[in-house]
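Below: the structure, in structure tokens.
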Number of protein chains: 2
Amino acid sequence: MIFSAKTEYGVRLMVELGRHGDGPQPVSLKTLAAAEQLPLSYLEHVVAALKRAELVTASRGAHGGYRLARSAAEITMDEVVHALEGTIAPMECFADGEHHRVFCSHEGQLGQHCATRLLWTRVQSGVVRALQTTTLADLVAFAGHGPDAVAGSTHATGLTPAPALGQAPPLARAL
Amino acid sequence: MIFSAKTEYGVRLMVELGRHGDGPQPVSLKTLAAAEQLPLSYLEHVVAALKRAELVTASRGAHGGYRLARSAAEITMDEVVHALEGTIAPMECFADGEHHRVFCSHEGQLGQHCATRLLWTRVQSGVVRALQTTTLADLVAFAGHGPDAVAGSTHATGLTPAPALGQAPPLARAL
DNA sequence: ATCAAATCCTACCAGCGGAGTCGGAAACCG
DNA sequence: CGGTTTCCGACTCCGCTGGTAGGATTTGAT
């Protein structure tokens, strides 16, 4: 699995917050937990990460709760996932502990270098592009509709849905 | 990390095999382990997975070893990664244990459904596309060169390298 | 003032999978 | 036969993930 349950929960949580729009009163965690049927105590950790990243704001005390820090359209899923998952890298050597820069630490000497780097770079690029071009508002809008428009509206890139190369590709048959 | 070390090792191993071209004698694991400085005993597991997927063939006994089952140009990294990592899904509910079909099992009732599905579908699509459009031959060719041409030759898609949207994107600053 | 409803914070735990080791059996070649 | 190599299964170690628990703090309502 690429992403952890924590991230799944967090995204769900954000979507749920997005659906509540920006009414004056915030939404309590208990409400959110009930709506998504997730363990409240664990959600505390999740929402803490979101708050640290300044994606949600909290009001404490009675009738307190959480609300989005910005409008859903201004929040890219890139930010959300990053807040929950930490640096996203396809491979260990791609993550710089320091400032989340991305590179490969295996740089071989003598001209030839880390052969896998090309691949991981491409994969990373694919993931990042998908996350950056999707906003929370997209998900909120999607949440209400019936199951269509997933593959439709090729999502800003205008790419054809992957050419059928070779025999049946082992991954992602249902895309 | 999206991929495990096992996958990293496996890809390295395949690249190394690809570099040896198809001379008549196969390459022993010991040789490969030495070339990549990886633990031999662990590589046994890795190469076993590759063999199961019919990506390499083995000859036992003295002067035995492994060779690619097909030419490097005919092997997509999609296949390699799938053999090593199993089904690649961004999220638990996306992986169907049965036949690697991809879907989401959280289908909510009453019109509204699993809000995160849109996101995971896009991510998955990005990863799969990257893996499918990269062949082992690409990596082999890359392995000998100096560190360029990574971002260059936008890898068949012709996409611009991700627009700078909003403030500095938290992921992948060095792409 | 008091109480209840929230967020907040830290520590803790159990299970699982990943990375790696080991020992031995079978196959193949000279 | 003997060395080399693949093959196979069992085993260990360890960190991370998901989840729980308990208490402190803030706030609004009565």
Side-chain angles (χ1 to χ4, degrees), chain A residues 1-13 17 24-34 36-67 69 81 84-93 95 97, chain B residues 1-13 17 24-34 36-67 69 81 84-89 91-93 95:
Chain A
M1 298 313 123
I2 297 183
F3 299 120
S4 60
K6 182 175 180 180
T7 298
E8 167 89 24
Y9 294 174
V11 172
R12 293 260 191 96
L13 213 144
L17 279 181
Q25 55 259 18
V27 188
S28 79
L29 250 203
K30 185 151 62 168
T31 306
L32 295 172
E36 294 286 341
Q37 309 190 54
L38 299 175
L40 169 66
S41 40
Y42 187 51
L43 280 193
E44 287 186 10
H45 293 312
V46 176
V47 81
L50 293 172
K51 197 196 158 197
R52 243 176 282 129
E54 299 183 340
L55 291 169
V56 302
T57 60
S59 347
R60 309 178 61 162
H63 305 104
Y66 298 91
R67 52 165 61 90
V81 170
L84 297 161
E85 200 77 11
T87 302
I88 292 219
M91 198 54 53
E92 195 62 56
C93 68
Chain B
M1 300 312 125
I2 296 183
F3 299 120
S4 59
K6 182 175 181 181
T7 298
E8 168 89 23
Y9 294 173
V11 173
R12 294 260 191 94
L13 214 143
L17 279 181
Q25 56 258 16
V27 189
S28 79
L29 250 202
K30 186 152 62 169
T31 307
L32 295 171
E36 294 286 339
Q37 309 190 52
L38 299 175
L40 170 64
S41 40
Y42 188 51
L43 281 193
E44 289 186 7
H45 293 312
V46 177
V47 82
L50 293 173
K51 199 197 156 199
R52 243 177 284 131
E54 299 182 338
L55 290 169
V56 302
T57 60
S59 351
R60 308 175 65 160
H63 305 105
Y66 298 90
R67 52 165 60 91
V81 170
L84 296 162
E85 199 77 10
T87 302
I88 291 219
M91 197 54 54
E92 196 62 57
C93 68

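On a predicted model such as this, the values are computed, not experimentally measured, just so you know. Reminder, nothing fancy here: chain letters follow the sequence lines and each chain counts from 1.
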Would you say [X] and [Y] make side-chain contact, with heavy atoms under 4.5 Å?
X	Y	answer
Leu13(B)	Glu36(B)	no
Leu38(A)	Tyr9(A)	yes
Tyr66(B)	Leu50(B)	no

Could you measure the distance from the [atom1] atom of [X] to the [atom2] atom of [Y]? Nearest 0.5 Å is fine.
X	Y	atom1	atom2	result
Ile2(A)	Ile2(B)	CD1	CD1	5.0 Å
Ser28(A)	His63(A)	OG	NE2	10.0 Å
Arg12(A)	Leu17(A)	CZ	CG	14.0 Å

What string of B, S and - do you get for nucleotides 17-30 of chain D, 5' to 3', when a contact is any protein heavy atom under 4.0 Å?
-BBB----BBBSS-
At a heavy-atom distance below 4.0 Å, which nucleotide of DNA chain C is the first touched by chain B, and which is the last?
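Using the under 4.0 Å cut-off, the span is dA19(C) to dC29(C).
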Spacing between Met1(B) atom CE and dG15(D) atom C1', to the nearest angstrom:
13 Å
Which atom of Glu8(B) lies closest to which atom of Met91(A), heavy atoms considered:
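Answer, listing the atom of Glu8(B) first, then Met91(A): OE1-CG, 2.9 Å.
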Any idea which heavy atoms bring Ala49(B) and Leu84(B) closest together, and the distance?
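The pair with the smallest heavy-atom distance is CB-CD2, 4.2 Å.
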Verify the contact: side-chain N or O of Lys51(B) to OP1 or OP2 of dT6(D), cut-off strictly under 4.0 Å; return yes or no.
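For dT6(D), neither OP1 nor OP2 has a side-chain N or O of Lys51(B) closer than 4.0 Å.
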